[in-house]
Every structure is written in structure tokens, then in C-alpha cells.
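Report on the following structure.
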Amino acid sequence: MSMDIVLQPLLIAASGGLAAFCVVLARRLQRLNDLENGLGGAIAVMVAEVDRLEHAIRKAREEAASASDSLAGQIELARKERALWDLHQTMDKAVGLGSRSNAHGPRRLRKRLPEAADA
């Protein structure tokens, strides 16, 4: 029985110590979860920033896709214009070679006059 008498006060003291420890932890947790000053506020701000950044990333992707499509169209138009310009240059060179062989300028076809044909 003497052991029971010694263990009961030790058990009560340990329970009191654990109760005090739980109160201290509860207060720390309450301060930590405070939405204005604690970690809870920091987490709330970070969540808002992540949402804002995700929206900005989506918008940037949409703008990049739009710019890419526009650029592809401009490149295609430039290729067509370049091909047309090359064709004009080739035609001008061909016409230029024909006019160089004839010193009087480009050769022109003339209608025959009926009197010139009889003579």
C-alpha cells in the first residue's frame, strides 16, 4: 500500500504538468493560426498570390498563343510576297534580256497595212 500512496501524488503531478504543457501549446497554436499576424495570415496571403499568379500565367499563355498564331500568319504572308517578288524579278530579267538583244527597245508587233501586203 505504501507504493500506491507514493504513485498517486506522482501521477497527479505528472497530470498537472501535462495540463500546463497543453495550455501552452494551445496558446502557441492560437497565435500561429491568427489570420492577421500569424502563420495563418501568411498562408492566406500566399494562397491569394498563388491564385493571382496562376491567372497571370493563364493570361500570358493565351497571349503567347495568339501572338504565335499572328506571327505564323505574318510569316506565311511574307513568304507569299517574297515568292511574288521573286517571280516579278525573274520576269523583269527575262524581259530585260530580250530588250538587250534588240537595240531599239522591246520588240513590238505591228499590224500590216493592206497596201503594204499587196506591194
Side-chain angles (χ1 to χ4, degrees):
M1 274 263 236
S2 67
M3 196 58 119
D4 286 339
I5 295 174
V6 173
L7 287 179
Q8 284 183 357
L10 286 175
L11 191 59
I12 290 172
S15 297
L18 286 175
F21 183 69
C22 287
V23 168
V24 170
L25 284 180
R27 286 183 182 169
R28 285 185 182 178
L29 185 60
Q30 193 174 23
R31 276 187 276 150
L32 193 62
N33 287 334
D34 185 18
L35 289 178
E36 291 182 13
N37 298 326
L39 187 62
I43 291 172
V45 168
M46 289 172 75
V47 167
E49 287 297 314
V50 166
D51 287 341
R52 186 183 63 80
L53 289 173
E54 284 178 353
H55 183 267
I57 288 171
R58 270 188 250 115
K59 186 176 178 182
R61 282 184 182 158
E62 290 171 0
E63 289 176 359
S66 174
S68 176
D69 293 341
S70 175
L71 183 60
Q74 292 294 324
I75 289 172
E76 186 62 30
L77 180 63
R79 284 182 180 156
K80 288 179 183 178
E81 288 177 355
R82 176 65 185 197
L84 183 62
W85 186 81
D86 287 342
L87 180 62
H88 281 290
Q89 292 297 317
T90 304
M91 290 173 59
D92 287 344
K93 285 181 183 178
V95 169
L97 290 176
S99 65
R100 286 185 193 145
S101 63
N102 187 357
H104 300 293
R107 186 174 175 190
R108 294 184 186 159
L109 298 177
R110 296 182 189 172
K111 285 186 179 181
R112 287 187 177 178
L113 297 175
E115 292 97 14
D118 293 337

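These numbers come from the heavy atoms of this one structure, side chains and all, not from hydrogens, waters or symmetry mates.
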Fill in: From L10 atom CG to Q8 atom CD, the distance as rounded to the nearest 0.5 Å
10.5 Å
Item to complete: Can you measure from CD (Q30) to CG (L25) and round to the nearest 0.5 angstrom?
Response: 12.5 Å
Practice prompt. Kindly compute the distance separating CG (D86) from CZ (R79), expressed to the nearest 0.5 Å.
Written response: 13.5 Å
Worksheet entry | Spatial distance of atom CG (L87) from atom CG (D92) [nearest 0.5 Å] | 9.5 Å
Worksheet entry | Non-hydrogen side-chain atoms of D51 and H55 separated by less than 4.5 Å | no
Fill in: K80 vs L84 side-chain heavy atoms within contact, under 4.5 Å
no
Response to the item:
So SG of C22 and CG of L29: to nearest 0.5 Å the spacing works out to 11.5 Å
Fill in: Salt bridge R52-E49, side-chain N to carboxylate O under 4.0 Å
yes
Worksheet entry | Donor-acceptor pair, side chain of S70 and main chain of S66, under 3.5 angstrom | no
